[in-house]
Number of protein chains: 2
Amino acid sequence: MLNGWFCRYKILETGARQIFSFHINGDIPDLQSLHLKTMDHNLGTLVQSTVAFVPHDSARNFARDFPHLGDILWRDTLIDAAIFRQWMVGMGRRDAPARIAHLCCEIFVKMRAVGLAKENSCEFPLTQSVMGDALGLSTVHVNRSLMDLRGRGLIALDKHMLTILKWEALQDEAGFDPLYLHLDRVPELA
Amino acid sequence: MLNGWFCRYKILETGARQIFSFHINGDIPDLQSLHLKTMDHNLGTLVQSTVAFVPHDSARNFARDFPHLGDILWRDTLIDAAIFRQWMVGMGRRDAPARIAHLCCEIFVKMRAVGLAKENSCEFPLTQSVMGDALGLSTVHVNRSLMDLRGRGLIALDKHMLTILKWEALQDEAGFDPLYLHLDRVPELA
DNA sequence: CGCCCCTTTGATATTAATCAAGAACTGTGG
DNA sequence: CCACAGTTCTTGATTAATATCAAAGGGGCG
């Protein structure tokens, strides 16, 4: 991905959608298909985006000719899996406000890590219905929980711009620990 | 893993546990630590088990000296991730009986694939509290939903032996499609 | 200007959690 | 072989979280 926002998702028999991850500049969301013959989910864009395609053969040869770089690609897919696990923790064991807070923390830290956040805010193009499908909540409940977080002054979210107002409190609410993102250095925030 | 049952899990601040996966004979549950410096979750046994350890250096050298085999290891971690995604679908978008049914389907198919199922039944050493922690449900609710599945004659579960009574109906209940397991051939069941 | 999507709000229904307690197992030591 | 201690399973009653249904405002865009 050169630029934009992607998500991975699956549509159920019932028509319900489950979103698994969001992807931003520099991510390689389709890496897993390198060694899996059949795609078991879909990729879609949230906003107009720019992508580059790498043929599987080239990527495989590349990974073999430069094993160290191949390992980095492998590592990238392992981090994806670590993020899935963290999302499972949210859906399995946290209530709605905490899940939303966690998503805000995660996206903000990722955006900051690639230099796409200024100060305490970053772009956040997810609609409430998209958030619901990612967190296992109904749109209405996302709205109410979001109101709650706003009401308590933890975040501001307006015109698809997220602003972190109380970083410590937000992390506490979310139970957020950036370890699972396996960043080399976690960006500091005042 | 040579023999036994493992699970991967994380304990939250609150003391709640989230289980991410179960592992049986032949699985390599710790493969992800090959390229991730810090372990972001735990591994534990469900029953007495036998394991073999492979030093990371050996595994890394092995993967480089035999790239085809290295790719198979990589692929294994990608299938793990696919299973995580499927569990996310369950926790995000399916009700309790469907989640339990799905877990039964998954475990049965995996057991069958490695020759550990006879006819329509296999070992199933999960307590109801373990199932709850894996599916994001309380123990009591697992019990009631399990009763429901039993009452409808879909499964039998006794003395930690699972028996599939109505395979078609169970899959329907679960919304189960084995594609995500990426098995070369899905074992047939009458 | 008008339409469509998104957000917000209220009312109600459903699912699942929690609390509590008794019954059925399992393994242990005598 | 039995008593008992600790789990695990089951059940009932109650509460809390979340979904669903319905409808009214906003905002951006052609």
Side-chain angles (χ1 to χ4, degrees), chain A residues 5 7 12 14-19 44-48 89-104 123-152 155-162 173 175, chain B residues 5 7 12 14-19 44-48 89-104 123-152 155-162 173 175:
Chain A
W5 285 78
C7 70
L12 308 210
T14 58
R17 173 175 60 170
Q18 177 65 48
I19 294 175
T45 54
L46 258 38
V47 298
Q48 197 166 12
V89 170
M91 291 199 284
R93 292 291 176 226
R94 286 199 238 273
D95 66 12
R99 287 186 225 180
I100 294 174
H102 199 279
L103 183 61
C104 291
E123 190 196 345
F124 190 90
L126 323 192
T127 65
Q128 293 179 4
S129 128
V130 165
M131 295 175 74
D133 287 347
L135 301 171
L137 298 167
S138 69
T139 307
V140 172
H141 202 57
V142 167
N143 182 275
R144 296 200 159 110
S145 308
L146 210 42
M147 291 306 221
D148 175 48
L149 295 177
R150 285 201 268 235
R152 284 152 57 204
I155 58 168
L157 186 50
D158 188 47
K159 306 259 165 59
H160 291 163
M161 280 296 291
L162 169 69
E173 175 75 27
Chain B
W5 286 78
C7 69
L12 308 210
T14 58
R17 174 175 60 167
Q18 177 65 49
I19 294 177
T45 55
L46 257 37
V47 298
Q48 196 166 12
V89 170
M91 290 199 284
R93 293 289 175 228
R94 285 199 239 271
D95 65 12
R99 285 185 226 179
I100 293 174
H102 200 280
L103 183 61
C104 292
E123 190 196 345
F124 190 90
L126 324 191
T127 66
Q128 293 180 3
S129 130
V130 166
M131 295 175 74
D133 286 348
L135 301 171
L137 298 167
S138 69
T139 307
V140 172
H141 202 57
V142 167
N143 182 277
R144 296 198 159 114
S145 307
L146 210 41
M147 292 304 219
D148 175 47
L149 294 177
R150 285 201 266 235
R152 284 153 55 205
I155 58 168
L157 186 49
D158 188 47
K159 304 260 166 57
H160 290 163
M161 280 296 290
L162 168 69
E173 175 76 25

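A quick note: this is a predicted structure, and the numbers were derived from the prediction, not measured. Atoms considered below: every heavy atom in the structure, side chains included; atoms not considered: hydrogens, waters and symmetry mates. Naming: A, B, ... by sequence-line order, numbering from 1 per chain.
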| Side chain of A/Asn143 - closest among C/dC19, C/dT7, D/dC21 | C/dT7
| message | Taking A/Leu137's backbone N and O only, do any of them form a donor-acceptor pair with B/Arg93's side chain (distance below 3.5 Å, no angle check)? | response | yes
| message | Of the options D/dT11, D/dT20, C/dG10, whose atoms approach the side-chain atoms of B/Met147 most closely? | response | D/dT11
| message | If you compare all heavy atoms of B/Gln128 against all heavy atoms of B/Leu146, which two are closest, and at what distance to 0.1 Å? | response | NE2-CD2, 3.6 Å
| Nearest of D/dT11, C/dT7, C/dA16 to any side-chain atom of A/His160? | C/dT7
| said: Categorize A/Gly132 for me: base, sugar-phosphate, or nothing, with a 4.0 angstrom heavy-atom threshold over every strand shown. | reply: nothing
| Tell me: CG of B/Leu46 to P of D/dT7, nearest whole Å? | 16 Å
| note | Closest of D/dT18, C/dA16, C/dA11 to the A/Asp95 side chain is D/dT18
| message | Rounding to an integer number of Å, can you tell me how far B/His141 NE2 sits from C/dA17 C1'? | response | 9 Å
| said: Regarding B/Arg94, tell me which of base, sugar-phosphate or nothing describes its non-hydrogen contacts under 4.0 Å with the strands shown. | reply: nothing
| request: Round to a whole Å and report the spacing from CG of B/Leu126 to C1' of D/dC9. | output: 15 Å
| task | Assign A/Thr127 to base, sugar-phosphate, or nothing according to its heavy-atom contacts below 4.0 angstrom with the strands shown. | result | sugar-phosphate
| task | Identify, between A/Arg93 and A/Ser129, the residue whose nearest nucleotide on DNA chain C lies closer to the 5' end. | result | A/Ser129
| message | Counting the atoms with a prime plus P, OP1 and OP2 as sugar-phosphate, which does B/Arg150 contact under 4.0 Å by heavy atoms, base, sugar-phosphate, or nothing? | response | sugar-phosphate
| With sugar-phosphate meaning primed atoms plus P, OP1 and OP2, does B/Leu146 contact a base, only sugar-phosphate, or nothing at under 4.0 Å between heavy atoms? | nothing
| For A/Pro97 and A/Val140, take the nucleotide of DNA chain D holding the closest heavy atom to each; which residue's nucleotide lies nearer the 5' end? | A/Pro97
| query | Is a side-chain N or O of A/Arg99 found less than 3.5 angstrom from the main chain of A/Arg94, in a donor-acceptor match? | reply | yes
| request: Check the distance between D/dG27's P and A/Leu157's CG and give it to me in whole angstrom. | output: 15 Å
| remark: In terms of heavy-atom contacts, A/Ile155 and A/Cys104 come closest through CD1-SG, 4.1 Å
| C/dT26 P sits how many Å from B/Asp158 CG, rounded? | 9 Å
| Could you state the CD1-P distance from B/Ile100 to C/dT15, rounded to the nearest angstrom? | 14 Å
| How many Å lie between CG on A/Leu137 and C1' on D/dA19, as a whole number? | 10 Å
| request: Measure the distance from CZ on A/Arg144 to P on C/dG10 and round it to the nearest whole Å. | output: 8 Å
| request: Using modelled atom types only, decide if a donor and an acceptor are shared between the side chain of A/Thr45 and the backbone of A/Gln48 within a distance under 3.5 Å. | output: no
